[in-house]
Amino acid sequence: MSIAENVAAIRSQMAQAAAAAGRDPAEILLCAATKMNDADAVRQAIAAGVDCCGENRVQELTAKAAQGAYQGAPVHFIGRLQTNKVRQVVGRVSLIQSVDRLRLLQAIQAEAARQGIVQDILLEVNIGREESKGGFFAEAVPDLVQQMGNYPNIRLRGLMAIPPICRDSAENCKFFQKMYNLSVDITGKKSDNVAMDFLSMGMSGDFADAIRCGSNMVRVGTGIFGPRDYAKCHQQ
Ligand SMILES: *Cc1c(COP(=O)(O)O)cnc(C)c1O
């Protein structure tokens with residue numbers, strides 16, 4: 001199947017999941033997770049109508065941007081971001097989805113202030129409390145949201161999560177539902193520099209579950225581009 005056919009298939013599954021939940025499919029964004037896929041593949045995905053591209057690595061982001069891969073489509077950063085690379089990301093992507101620790105939040109604020117811009121971000125939530133993953137614990141998030149007024153060059157646009165790998169839909173939905181509840185909680189409390197527009201959750205294996213549980217942004221890699229070729233990659 002071509003990338004265009006894959007995108008069409010994903011869109012139709014997204015629409016089905018949205019319909020099952022009584023939601024309008026148009027309100028759910030498809031973000032192509034483009035890691036380890038080259039500029040040509042990225043162009044095909046954009047031509048096929050994905051809403052945005054999500055990059056995991058600064059080096060790939062910079063290289064593909066230089067190759068004109070994104071053609072004006074919004075680019076998000078979705079991977080672990082080292083504070084010493086913040087300068088290469090802030091102001092170059094429309095959304096940093098993976099803000100997973102306080103030090104990173106502070107570094108983004110400092111860089112955005114230096115550039116004189118406001119950077120949109122999501123807070124990454126470690127919803128399964130997994131040691132292997134970054135992200136804030138859910139119980140820390142409401143306080144953090146209240147403190148966003150201290151970060152004048154950041155606008156918080158919502159939450160992102162990568163839940164643990166689950167056996168089935170029911171188990172998936174427990175985590176997705178927790179995220180949805182958390183986002184509703186926060187939306188109810190108005191804070192400065194906060195507009196809870198996005199709940200980014202769901203990947204190739206579980207995006208339909210995520211949509212049924214309230215996701216409005218899914219990040220799909222394998223489902224669009226096929227399996228990633230790890231042999232082509234220097235560092236995993
Ligand atoms: C790779 C990646 C995805 C997409 O994963 P697939 O299973 O290939 O769809 C989504 N989100 C993040 C943060 C990723 O790193």
Side-chain angles (χ1 to χ4, degrees), residues 1-14 17 28-38 41-42 44-46 48-61 64 69 73-82 85 89 93-101 104 120-128 130 132-136 157-169 171-172 175-176 179 198-213 215-236:
M1 290 241 286
S2 70
I3 287 173
E5 286 167 331
N6 288 340
V7 169
I10 302 271
R11 284 282 190 201
S12 111
Q13 291 166 47
M14 288 172 66
I28 302 158
L29 300 182
L30 174 56
C31 182
T34 45
K35 62 174 174 280
M36 300 176 61
N37 285 285
D38 63 15
V42 170
Q44 289 180 51
I46 292 168
V50 301
D51 296 296
C52 50
C53 295
E55 288 289 356
N56 282 72
R57 299 189 185 93
V58 174
Q59 209 182 337
E60 279 192 54
L61 168 71
K64 285 178 226 175
V75 184
H76 297 178
F77 196 81
I78 63 174
R80 182 154 177 99
L81 181 54
Q82 292 168 267
K85 293 193 175 155
V89 175
V93 299
S94 54
L95 185 67
I96 303 175
Q97 295 201 16
S98 44
V99 178
D100 58 355
R101 59 203 192 280
L104 180 58
D120 281 1
I121 67 153
L122 306 183
L123 291 177
E124 181 172 346
V125 182
N126 187 348
I127 196 65
E130 293 170 282
S132 61
K133 281 187 188 147
F136 297 95
R157 299 294 303 276
L159 304 177
M160 182 270 238
I162 310 169
I165 294 171
C166 293
R167 281 186 309 263
D168 55 33
S169 284
E171 210 183 319
N172 272 334
F175 293 108
F176 291 142
M179 284 298 299
F198 301 120
L199 180 55
S200 172
M201 54 187 197
M203 316 203 304
S204 295
D206 57 11
F207 68 85
D209 287 334
I211 289 169
R212 280 191 285 271
C213 297
S215 167
N216 64 6
M217 189 187 289
V218 297
R219 309 175 309 268
V220 178
T222 313
I224 292 176
F225 300 107
R228 288 178 282 274
D229 184 358
Y230 286 97
K232 271 199 315 201
C233 200
H234 308 287
Q235 31 150 211
Q236 211 275 75

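Indexing begins at 1, ligand by ligand and atom by atom, following the structure's order.
Residue contact check for ligand 1: R228 places a non-hydrogen atom closer than 4.0 Å to it.
When each atom of ligand 1 is checked for a heavy atom of T222 under 4.0 Å away, the hits are 6 (P), 7 (O), 8 (O), 9 (O). Each of the atoms 1 (C), 2 (C), 3 (C), 14 (C), 15 (O) of ligand 1 lies under 4.0 Å from some heavy atom of K35. Contact atoms of ligand 1 toward R219: 4 (C), 9 (O), 10 (C), 11 (N), 12 (C), 13 (C) (distance under 4.0 Å to a heavy atom of the residue). For ligand 1, the atoms sitting less than 4.0 Å from at least one non-hydrogen atom of V220 are 9 (O), numbered in the order shown with element in parentheses.
Taking 4.5 Å as the limit, every side-chain heavy atom of L29 sits out of range of all side-chain heavy atoms of N216. Residues F225 and N6 have side chains not in contact (no heavy-atom distance under 4.5 Å, counting atoms from C-beta outward). Between F207 and S215 the shortest side-chain heavy-atom distance does not fall below 4.5 Å.
Looking at I162 next to ligand 1, no N or O pair under 3.5 Å apart turns up.
Looking at R219, K64, R80, K35 one by one, the single match for salt bridge (Lys or Arg N to Asp or Glu O under 4.0 Å) with E55 turns out to be K64. Test I224, T34, I10 against V50 for side-chain contact (heavy atoms from CB on, under 4.5 Å) and you get one pass: I224.
Using a 4.0 Å cut-off between a side-chain N of Lys or Arg and a carboxylate O of Asp or Glu, D206 and R212 do not qualify as a salt bridge.
The side chain of A33, and not its backbone, has at least one atom closer than 4.0 Å to an atom of ligand 1 (non-hydrogen atoms only; side chain from C-beta on). When non-hydrogen atoms are compared, ligand 1 lies under 4.0 Å from the side chain of N56 (C-beta onward) but not from its backbone.
For the pair K133 (side chain) and P163 (backbone), a donor-acceptor distance under 3.5 Å is present.
Among all non-hydrogen protein atoms, the one lying nearest atom 13 (C) of ligand 1 is I78 O, 3.4 Å.
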